[in-house]
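Working notes, beginning with the structure itself.
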Amino acid sequence: MSSTPLAPAPARFSTKGWVLFAVMALLWGVPYLFIKEAVDSYSPAAVVAGRTLIGALLLLPLALHRRALRPALKLWPWVLAFGAIEMAGPFLLLGHAEQTLPSGLTGLLVATVPLFAAIIAFSRGDKGILRPVRAGGLLIGFVGVGIIVAGPGLAVGGAGSLLAIGEVLLVAVCYAIAPFIVATKLKDVPSLGTITLSLFAVGLFYLPIGLLTQHEVPTVRSTVSLVALGVLCTALAFMAFFALIAEVGPARAPLFTYVNPVVAIILGTILLGEELSFGLLIGFPLVILGCWLAATGGIVARRARPGPAPLGEADLP
């Protein structure tokens, strides 16, 4: 997402890289808990408006200092397209879905992003997904999703929960598409400018909708969760993500997404009392294993070849 060529990623994670990796696993593992709490008294649209505007206001001084907004404004149609696919649609869909689904299950379904990213890459001419290990990963991952949908997903709210599950899987598709817009249309725009402008656009779009759909007085607990979403899971998380990309390379930075569901499920079980069903215990490792194999081919780390590192396959919540 940077406008300058990136150096090859080091063969091993540095201490700083592992720290940033852990920070991202936490910051983008907890949003599902905060969203679940926020939509308890805020409308989904109000949650999106609050989260994005808080994040935008926090990032604005840094974006102005680095003069990152002007390049983004020159390509504003693509910046808005990125914001719509990466933020506007997914943030609203997640809020609506979590009115039905447990936060842990939501986090797990979002972890299918690498599966959809692999399919999109194949449609764009990347034949690497046809390799046996990666193709097998796709199959294993979708089997895991099938088990979750047929078991824990339906158990949550019967057939009606299928709509919420579909919404979360659509979020995963959006998260898989958005990086391709950055890689092809916004590759020369500073990432900070793209994110800040996108957050403002999404926040201003949803602000009137949020005000019109807010029909109750928000609780203190929901308000704290909303602020945490904006400060920790949006502004701070994006800054940490950019630092992680610079430290370990964009191809390996998104690997923290495999840890996110663990954080979401643990927090949902401990803090919200969500049930950890047998079907979830079976489908969860299959989804994670499938995503890892499909995205990496089963390779934990490989010494980088000379030349610029490729763009990563996932940007998150």
Starting from [Y], can I reach [X] by hopping between I/L/V/M/F/W/Y residues whose side chains sit under 4.5 Å apart?
X: Leu73; Y: Leu199; result: yes
X: Leu69; Y: Leu75; result: no
X: Leu211; Y: Tyr42; result: no
X: Leu94; Y: Leu271; result: yes
X: Leu170; Y: Val48; result: yes

What are the two closest heavy atoms between [X] and [Y], and how far apart are they?
X: Thr213; Y: Ile209; answer: OG1-O, 2.8 Å
X: Ser198; Y: Thr194; answer: OG-O, 2.6 Å
X: Leu109; Y: Ala172; answer: O-CB, 4.2 Å
X: Ile35; Y: Gly95; answer: CG2-CA, 3.8 Å
X: Ser43; Y: Gly210; answer: OG-O, 3.9 Å
X: Ala38; Y: Leu226; answer: CB-N, 4.4 Å

Between [atom1] on residue [X] and [atom2] on residue [Y], distance to nearest 0.5 Å:
X: Ile177; Y: Ile85; atom1: CD1; atom2: CD1; answer: 5.5 Å
X: Ser41; Y: His215; atom1: OG; atom2: NE2; answer: 13.5 Å
X: Leu33; Y: Leu267; atom1: CG; atom2: CG; answer: 5.5 Å
X: Ile54; Y: Leu59; atom1: CD1; atom2: CG; answer: 12.0 Å
X: Glu216; Y: Asp40; atom1: CD; atom2: CG; answer: 7.0 Å
X: Leu169; Y: Leu162; atom1: CG; atom2: CG; answer: 10.0 Å

State, with a plain yes or no, whether a side-chain heavy atom of [X] is found less than 4.5 Å away from one of [Y].
X: Leu62; Y: Met239; result: yes
X: Val30; Y: Cys233; result: yes
X: Val39; Y: His96; result: no
X: Tyr32; Y: Val110; result: yes
X: Leu204; Y: Leu53; result: yes
X: Thr52; Y: Phe205; result: no
X: Leu57; Y: Phe200; result: yes
X: Phe91; Y: Val47; result: no

Between the main-chain N or O of [Y] and the side-chain N or O of [X], is there a donor-acceptor pair closer than 3.5 Å?
X: Glu98; Y: Ala164; answer: no
X: Thr234; Y: Val231; answer: no
X: Tyr206; Y: Ala88; answer: yes
X: Ser222; Y: Glu37; answer: yes
X: Lys185; Y: Phe180; answer: no

side-chain contact (heavy atoms from CB on, under 4.5 Å) for Val189 and Val182? Distances and angles first, verdict last. CA-CA 9 Å; Val189 177; Val182 175; over 6 Å; no
